[in-house]
Amino acid sequence: MAAAARVQCHNNTSLTGSPLPRRRRNSPTLHFSPNRVNFTPLKWIGDGSSSCTRMVSGPSLKGGTTTVRAALEEEKKTDAVSEVVEEEKRFTCVMKFGGSSVATAERMREVADLVLTFPEESPVIVLSAMGKTTNNLLLAGEKAVSCGVSNASEIEETVKELEIDPSVVSSFLEELEQLLKGIAMMKELTLRTRDYLVSFGECLSTRIFAAYLNKIGVKARQYDAFEIGFITTDDFTNGDILEATYPAVAKRLYDDWMDDPAVPVVTGFLGKGWKTCAVTTLGRGGSDLTATTIGKALGLQEIQVWKDVDGVLTCDPTIYKRATPVPFLTFDEAAELAYFGAQVLHPQSMRPAREGGIPVRVKNSYNPKAPGTIITKTRDMTKTVLTSIVLKRNVTMLDIASTRMLGQVGFLAKVFSIFEDLEISVDVVATSEELDHVVEELEKIAVVNLAKGRAIISLIGNVQHSSLILERAFHVLWTKGINVQMISQGASKVNISLIVNDAEAEGCVEALHKSFFESGDLSELLIQPRLGNGSPVRAMQVEN
Ligand SMILES: Nc1ncnc2c1ncn2[C@@H]1O[C@H](COP(=O)(O)OP(=O)(O)O)[C@@H](O)[C@H]1O
Ligand SMILES: N[C@@H](CC(=O)OP(=O)(O)O)C(=O)O
C-alpha cells in the first residue's frame with residue numbers, strides 16, 4: 001500500500017510532498033540490425049596498414065576455437081595489437097532480459113538469437129528469473145510446502161528442451177528443496193530467507209542460459225552477482241547498491257575477460273549484504289538496476305533493457321490498451337515514471353545510468369524491430385506537453401491538520417520527523433501496520449483523517465506547460481464528474497500528481513490518455529499562449 005499525505009498547518013496552508021533523489025555521455029552508437037548476422041571468424045579489417053584495429057566480430061560472441069587471446073598471441077608484437085588490447089578489453093553494452101523475455105526454453109533460444117544479431121558488440125548479459133519464478137518461489141516459501149516441486153519440474157523441462165546437461169541445475173534444485181523443507185520445519189520465513197529463496201530464480205536462469213550459449217558454440221560464463229562484487233546495504237528485499245560495487249564488478253569482469261574471453265551472463269536482482277555477507281535482493285524488478293550498475297561500472301556505450309512491450313509507453317498497456325511508445329525520455333522523466341509506479345522500470349535504475357551518462361534503451365524482445373525508447377540526460381522538450389500517465393493504486397491519503405499546539409514550522413518539522421523516525425517515505429508506506437504507527441504518533445499533535453481506497457495519477461511531462469496540462473486534465477476530469485482530492489507538483493518539475501478515488505482511476509487514465517495523446521498535436525497550443533479571452537498574446541501586442 002502507498003500513502004500520500006496532506007498536511008494542513010493552523011494558518012490553513014497545505015503542503016503536499018513528493019520526494020525524489022536526483023542526477024552522463026553521448027548519444028548511442030548501437031543500431032539494430034533486424035536480420036540475424038552470421039558469425040565471421042575473428043579478424044581485423046581495414047586498409048592493411050598497421051594502424052588498423054577495427055574488430056568485426058565481437059570476440060565474445062564468437063564460437064569456434066580461435067580465441068581473441070590466441071589471435072593476440074600471434075600478433076602481439078605489432079603496435080596495432082596493443083591498441084586492439086585496449087579496444088578489445090572493453091565491453092560495449094549490457095543487455096538485460098526480464099522474466100517475460102526468458103519465460104520458456106523457446107524464449108531462451110530466441111533471446112540467444114537476438115544477442116547474436118549484434119555480432120559487432122561485446123555485450124554483458126543480465127538475466128532475471130524465468131517468467132513468474134520469483135512469484136512462485138515466494139508462494140512456495142510462504143506456504144512453506146514443496147510448491148518448489150512443480151516449479152522445479154518446469155525448470156527441469158526447460159533444461160531438457162534446451163538439451164543442456166542436467167547437472168547444470170541439479171545441485172541447485174536439491175538445495176532449493178532442502179531450503180523449502182527447512183522453512184516448512186521452522187515455520188518461519190524471514191526477509192533474509194526470502195531473499196535467499198528467490199535468488200534461486202536468477203541463479204538457475206543464468207546457468208541455463210550460459211550453458212545454452214556454450215552448447216551452441218558461443219563461449220559464455222555465468223556469474224552470481226553476489227560473488228562478483230555487488231555489495232549492498234543489509235536491507236533484505238530492498239538492498240541499496242554501495243559505491244564499492246562499481247570498481248569491484250569492473251575489475252572482476254575485465255580480469256576474467258582478459259584471462260579467458262567469454263560472454264558474461266550475470267544474475268540480475270541480487271547482491272551481497274556488506275555486513276551480513278548474505279544474499280540480498282534489490283527490490284522487485286531489480287534486474288534493471290543490476291544492468292545500469294554494470295553499465296556505469298564498465299563505462300559502457302549503452303544499456304539495453306529488453307521487455308515484453310515496445311518501450312516505455314504513454315501509460316500501462318494493461319490499464320489502457322491504446323498506449324503508444326514514447327521514443328525519447330530524460331533520466332528524470334524515466335525515474336519519476338518508475339518512482340510513481342510504472343512497473344516497466346525499477347525506481348532506482350536510472351541513477352547509475354544518469355551518473356555514468358550512459359543512454360538506456362528500452363526494447364521489446366518479442367518485437368525487436370520496434371525502435372523502443374531511448375533515455376538520455378536531456379532531450380528537446382520544446383514540443384513536449386505530456387509524456388506518460390502513471391497510475392499508482394491502493395493509496396491511503398492522510399489529512400493532517402494541526403491542533404495548534406506547535407507553531408507552523410515546528411508542526412511541519414514534527415510531522416516529517418514522525419515519518420523519518422518510522423523510516424517511511426511520505427509517498428510510499430508498505431503495510432497498513434506501518435500506517436497505524438504513523439497515525440498513532442501524528443494524533444499526538446494533529447487531527448488525522450485517513451482516507452483509504454485512493455489512487456495517484458501522475459502526469460509526467462513538461463511542467464513548463466503546467467497550466468496547459470492542468471487545464472486539460474481538470475477539464476477532462478470535470479467532464480467525467482471526477483473530484484480531484486489532492487494535487488502535487490513534484491520538485492523535479494516533470495510530474496504533476498492527482499489523487500482520485502481508486503474505483504474511478506482507470507476510467508480517468510483512459511479519458512486523460514484520449515485527451516492528451518489521441519486528439520491531435522497538443523504542441524500547436526504551445527505556439528501562442530492565450531489570454532483569458534482566448535486571444536493569442538501576440539495578437540494583443542500587435543493591437544497595442
Ligand atoms: N508506462 C509503461 N510503459 C510500458 N510498460 C508499462 C508501463 N507501465 C506499466 N508497464 C508494464 O510493465 C511491463 C514490463 O515491465 P516488467 O514486467 O518489469 O518487464 P521485465 O520483467 O521484462 O523486465 C509491461 O508488460 C507493462 O504491463
Ligand atoms: N525476478 C525479479 C527481478 C526482476 O528484475 O524481474 P523482471 O526483470 O522480470 O521484472 C522479480 O521478479 O522481481
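Just follow the structure's listing: the first ligand is 1, and inside any ligand the first atom is 1.
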N/O to N/O below 3.5 Å, does that happen between [X] and ligand 1?
X	result
D308	yes
L313	yes
T314	no
D288	no
S100	yes

Do the side chains of [X] and [Y] get close enough for a salt bridge, i.e. N-O under 4.0 angstrom?
X	Y	answer
K160	E156	no
R322	E510	no
E506	R393	yes

If only atom types and distance count, is the side chain of [X] paired as donor or acceptor with the main-chain N or O of [Y] below 3.5 Å?
X	Y	result
N462	Q464	yes
T280	D234	no
R472	S515	yes

Report yes if some N/O of [X] lies less than 3.5 Å from some N/O of ligand 2; otherwise report no.
X	answer
G285	yes
E202	yes
K96	yes
F269	no
G99	yes

Could you find the nearest protein heavy atom to [atom] and give me its residue, atom name and distance?
atom	result
atom 17 (O) of ligand 1	Q343 NE2, 3.0 Å
atom 19 (O) of ligand 1	K307 CD, 3.4 Å
atom 23 (O) of ligand 1	K96 NZ, 2.7 Å
atom 11 (C) of ligand 1	D316 OD1, 3.9 Å
atom 7 (P) of ligand 2	S128 OG, 3.5 Å
atom 6 (C) of ligand 1	V344 CB, 3.6 Å

Please could you name the atoms of ligand 1 that V309 approaches to less than 4.0 Å, counting only its heavy atoms? 4 (C), 5 (N), 24 (C), 25 (O)

Element-labelled atoms of ligand 1 that are located less than 4.0 Å from some non-hydrogen atom of V312: 3 (N)

With a 3.5 Å cut-off and no angle check, do the side chains of [X] and [Y] form a donor-acceptor pair?
X	Y	value
T92	Q301	no
D380	T382	yes
Y339	N495	no
T134	R284	no

Residue R284 vicinity, atoms of ligand 2 by number, heavy atom under 4.0 Å: 11 (C), 12 (O), 13 (O)

Once you measure the plane-to-plane angle for F517 and H513, does it fall in the parallel (<30°), tilted (30-60°) or perpendicular (>60°) bin? tilted

Identify which of S128, G311, G98, A338 has a heavy atom lying nearest to atom 4 (C) of ligand 1. G311

Nearest non-hydrogen contact to atom 21 (O) of ligand 1 from the set G99, A323, S388 belongs to G99

With a 4.0 Å heavy-atom cut-off (strictly under), which part of C315 contacts ligand 1: side chain, backbone, both or neither? backbone

What part of T318 sits under 4.0 Å from ligand 1 if we count only heavy atoms: the side chain, the backbone, both or neither? side chain

Tell me which one of I303, I374, V305 satisfies side-chain contact (heavy atoms from CB on, under 4.5 Å) with V362. V305

Could you establish whether K307 and ligand 2 come within less than 4.0 Å of each other, counting only heavy atoms on the residue side? no

If you measure from each heavy atom of G201 to ligand 2, is any distance below 4.0 Å? no

Which bit of S287 is near ligand 2, meaning a heavy atom under 4.0 Å away: side chain, backbone, both or neither? both

Compare all side-chain heavy atoms of P123 with those of F118 and state whether any distance is below 4.5 angstrom. no

More than 12 heavy atoms of other residues, nucleotides or ligands under 6.0 Å from CZ of F328: yes or no? no

Rounded to the nearest 0.5 Å, what separation is found between the CG atom of D195 and the CG atom of L282? 9.0 Å

